[in-house]
Structures are given as structure tokens and as C-alpha cells.
There are 2 protein chains.
Amino acid sequence: MLRLSKKADYALIAMRHLAGAAADSSVSAREIAESYGIPAELLAKVLQRLVRSRLLVSVQGTRGGYRLAGDARLLTVADVIQAIDGPVAVTACSPDDHGCEQYDRCEIRDPLWKIKSRIVDALATVSLAELAEPAPAPGTPVAVPMYVRGAAPAPPQVVE
Amino acid sequence: MLRLSKKADYALIAMRHLAGAAADSSVSAREIAESYGIPAELLAKVLQRLVRSRLLVSVQGTRGGYRLAGDARLLTVADVIQAIDGPVAVTACSPDDHGCEQYDRCEIRDPLWKIKSRIVDALATVSLAELAEPAPAPGTPVAVPMYVRGAAPAPPQVVE
DNA sequence: CCTTAATCCGACTTGCCGAGTCGGACATCG
DNA sequence: CGATGTCCGACTCGGCAAGTCGGATTAAGG
């Protein structure tokens, strides 16, 4: 298992599609959905959540659609997954959050959190540009995940 | 998300407990369950599956219980997780298995599988001995996951 | 040798979260 | 100003994990 949700799959497909599109053009949710055989309404819901996470910008109206919020080389798959499925957490409880029932008796929490850090690193080192181009040209800037740069102004609402 | 199942959590807790116990003593499922506040019957089911995966050995009878099948320094958390939740798979379909619906149109499958490899590497580099002792003594042998060593004699039954 | 007690083992039932769907609000174009 | 096509939030349904129960097996004690 350890499989990521289908919504995250759809989100990555859509983001990759947008990364390959023209920078100033807006592509509608229906267009993406029909291109990949994804339920249109479900994909729309996914894209909405990406907008609320400041990864996409939406333009309404007849010729509306979605557009990437930033440079494809700076957006990572870790950003996308965390926007959809919430913060990555291997364990039910964090080292700081005592929400877990058997908190004091649990001894595997701390080592597992080190593993979690390595997983998010693995996710953060792959940018959307690398997704679009499996063979990256030399000299491409190194991807830095958004939550490290602090560029996002602390999204106040809970993503869920 | 990306959280591993509760059964895997219980499995890791139990395996760590067994790694800290005496090598030749058998500890019962009920004993472990009561030590950590885990539903006894559920933990028993988890341990059964670990036995079928050749990670534990069970001794029945009045003073029965479970015992580790091998050296704690050679068993990794990747072995435990794969025994419980099945093989780790980030995507629904593998590069070889065409079971996915939008197989040909999907372009994110291959890069995601590279990420998957890095995740299993992160899981495989942590042994049960390291779980028990957060500060390992120098000179401890490097953990090599079981599925690489080929030590397991090809468990015939499907784990699920 | 038989009884007893404790364990392991497989199949079943239930609750919950994700997958998918529907109607409303908005902005743009003719 | 009307119509069209888009984005947006709330609702319903199914599948799978979490948890539970009785039966089979084994070893110890009298």
C-alpha cells in the first residue's frame, strides 16, 4: 500500500498538463478531463483545492480555466500532494501532537518521523518541469519546495 | 496523508518489542497488546500475517507466543510494512502492469516510480535494531532488506 | 493417560473515509 | 441585456480498513 489517493494522481496529471501548456493561456477543467479520461466534475473539485492552496490561479467566464501560479521548475510534487491529501504524515500522531492514544508508550514515533522527512525530501526533489521533461536539460535550477521558501503567505484555511 | 495503515503501526510496535526481548524467549500476543493498549485480537491477526511472511515464528501451547525469525539488525521496516500492507506502490498501476485505465495517456507514471524506489530505500535503511536503539553503536552491520537478499523462499501465498 | 487452560488461527460484521455526483453563483461574450 | 459556459460548495453512495467472534491446536499439570 502506501498508495497516494486518486485525487492526488489526478492533480499531478493536471499540473503536468498545465506545465506543458502555454504560460499565459488558460485551459479549462473539462478539457483536461476529456484529454485523460477523468470524471470532469471530480477533476474540477481537485483543481479548486489547488487554487485554494495557491498553486493554481482560476479565471472565470466563458473562456476561463486554470493557469499555473508559478514557475514549473519551482513547483514540486510534494507541494501538489500536500495540497490535496494534507501534510504528509506516516504516523497518526506527530512528535508534538499528543493526540495519539498510546503516546507515552509508543517508542517508534521518532524514528518513523525521520523516515517521513526522507520521504518528503524524495517528493520535493522532483519538480513539475522534470515531470514534463524526463530528460532535463543541464543547467536547470534546483527545485526548492514551497513550504521551505515560505513564499506562500501561510494559507489560513485548513486544507483538510 | 500517505499514512500507513494502523495494522502496520501495530506490527512495527510489536516487532520492536520483540527485538528488545530475549532472543530465545517467546512473548504472547496478549502480553504485547496489554503493554501498549492495542486490541488483543487485532494484534494477533497482525502477528499471524507476519508469521506467514516468515518474519516471525509462532510457538503454540500454554507458554507459547511469538519470536523473531531472524537477526534484528537484518530485518528492516520495509520488510514489515510490505508484509502487512503488501508491496509498496505509489501509483495504481505499475510500469509493466497495464491494469490502469488511462495507461497510454498517463505520463506521470515513470517519474513517480522513481520516487517510489527512493521511498522504499528510505524504509529499507532502517533496521529493527535501529528502532530499538535510536543511537546505534559504531560497527553495526548494514541492514539489507530481505527481498534483496532473496533469503525468503518465495512465499507462495498472496499476502493480499 | 486424560483434563484443563492458554494460545494461535480463519471467517464475519460494522463504521468510516474516499470516489463520484448534483445544483447554485459568477463572470464574460454576443 | 440575455445567454452561455465556467468555477464553486454541499450532498450521496460504495469499498475497504478496523475491530470482533467462535473454532482448532498445542503444551503443561494432575
Side-chain angles (χ1 to χ4, degrees), chain A residues 1-11 13-14 18 25-34 36-53 55-67 69 81 83-86 89 92 100-102 157-160, chain B residues 1-11 13-14 18 25-34 36-53 55-67 69 81 83-86 89 92 100-102 157-160:
Chain A
M1 275 297 177
L2 210 71
R3 198 174 60 230
L4 49 85
S5 69
K6 229 165 193 178
K7 295 177 194 170
D9 276 336
Y10 296 157
I13 292 175
L18 291 171
S25 69
S26 296
V27 46
S28 68
R30 174 172 298 182
E31 185 173 350
I32 301 177
E34 292 183 353
Y36 296 94
I38 300 173
E41 300 300 333
L42 179 57
L43 180 67
K45 183 178 170 181
V46 169
L47 296 177
Q48 291 162 28
R49 194 172 290 187
L50 290 174
V51 170
R52 284 201 289 182
S53 300
L55 294 179
L56 291 180
V57 287
S58 68
V59 35
Q60 288 196 347
T62 307
R63 297 281 173 84
Y66 293 94
R67 209 171 58 240
I81 291 176
I84 296 297
D85 287 344
C100 184
E101 190 61 35
Q102 50 266 26
Q157 76 287 5
V158 178
V159 188
E160 183 185 4
Chain B
M1 273 299 177
L2 211 68
R3 196 174 63 230
L4 49 86
S5 68
K6 231 166 194 177
K7 296 176 194 170
D9 276 337
Y10 296 158
I13 292 175
L18 291 172
S25 69
S26 297
V27 45
S28 68
R30 173 172 299 183
E31 187 174 346
I32 301 177
E34 292 183 352
Y36 297 94
I38 299 173
E41 301 300 335
L42 180 56
L43 179 66
K45 184 179 170 179
V46 169
L47 295 177
Q48 292 162 27
R49 194 172 291 187
L50 290 174
V51 170
R52 284 201 289 182
S53 300
L55 294 179
L56 291 181
V57 287
S58 67
V59 35
Q60 288 195 348
T62 307
R63 296 281 172 85
Y66 294 93
R67 209 171 60 242
I81 292 175
I84 298 297
D85 287 344
C100 185
E101 190 59 34
Q102 51 266 28
Q157 76 288 5
V158 178
V159 188
E160 182 186 4

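The sequence lines fix the lettering, A, B, ..., with proteins before strands; numbering per chain opens at 1.
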Starting from [atom2] on [N], measure out to [atom1] on [X] and report it in whole angstrom.
| X | N | atom1 | atom2 | answer |
| --- | --- | --- | --- | --- |
| A/Arg3 | C/dA19 | CZ | C1' | 12 Å |
| B/Leu47 | D/dG19 | CG | C1' | 15 Å |
| A/Arg49 | C/dG18 | CZ | P | 9 Å |
| A/Glu34 | D/dG5 | CD | C1' | 13 Å |
| B/Arg67 | C/dT7 | CZ | P | 17 Å |
| A/Gln48 | C/dG23 | CD | P | 17 Å |
| B/Tyr66 | C/dA6 | OH | C1' | 13 Å |
| B/Asp9 | D/dA18 | CG | C1' | 13 Å |

Report the nucleotide, chosen from [options], that has the shortest atom-to-atom distance to any side-chain atom of [X].
| X | options | answer |
| --- | --- | --- |
| B/Lys7 | D/dA18, C/dG18, D/dG19 | D/dA18 |
| A/Arg30 | C/dC9, D/dT6, D/dC7 | D/dT6 |
| A/Ser58 | C/dC9, D/dG19, D/dC8 | D/dC8 |
| B/Val51 | C/dT7, C/dC9, C/dA19 | C/dC9 |

- Note on the structure: In 5'-to-3' order, the base (B), backbone-only (S) or no-contact (-) status of each nucleotide in nucleotides 20-30 of chain D, using a 4.0 angstrom heavy-atom cut-off, is BB---BBBS--
Kindly give the heavy-atom pair with the smallest separation between [X] and [Y], and that separation in Å.
| X | Y | answer |
| --- | --- | --- |
| B/Arg67 | B/Ser25 | CG-O, 3.6 Å |
| B/Tyr66 | B/Ala44 | OH-O, 4.1 Å |
| A/Ala33 | A/Ala40 | CB-CA, 3.6 Å |
| A/Ala69 | A/Leu56 | CB-N, 3.9 Å |
| A/Leu50 | A/Ala11 | CD1-CB, 4.1 Å |
| A/Ala14 | A/Leu43 | CB-CD1, 4.2 Å |

- Double-helix bend of the helix from C/dC1-D/dG30 to C/dG30-D/dC1, axes at both ends from 5 pairs, round to 10°, gives 10°
- Query: Taking OP1 and OP2 of C/dG18, is either one under 4.0 Å from a side-chain nitrogen or oxygen of A/Tyr10?
  - Reply: no
- Item | Residue closer to the 5' end of DNA chain C, A/Leu4 versus B/Glu31 (nearest nucleotide) | B/Glu31
- Distance from B/Ile13 atom CD1 to B/Leu18 atom CG, nearest 0.5 Å? 12.0 Å
- For B/Ile84, does its backbone N or O pair with a side-chain atom of B/Arg49 as donor and acceptor, under 3.5 Å? yes
- Report the C-alpha distance between B/Ile38 and B/Ile32 in whole Å, list the side-chain angles of each, state the deciding distance to 0.1 Å, and finish with yes or no for side-chain contact (heavy atoms from CB on, under 4.5 Å). CA-CA 8 Å; B/Ile38 299 173; B/Ile32 301 177; 5.6 Å; no
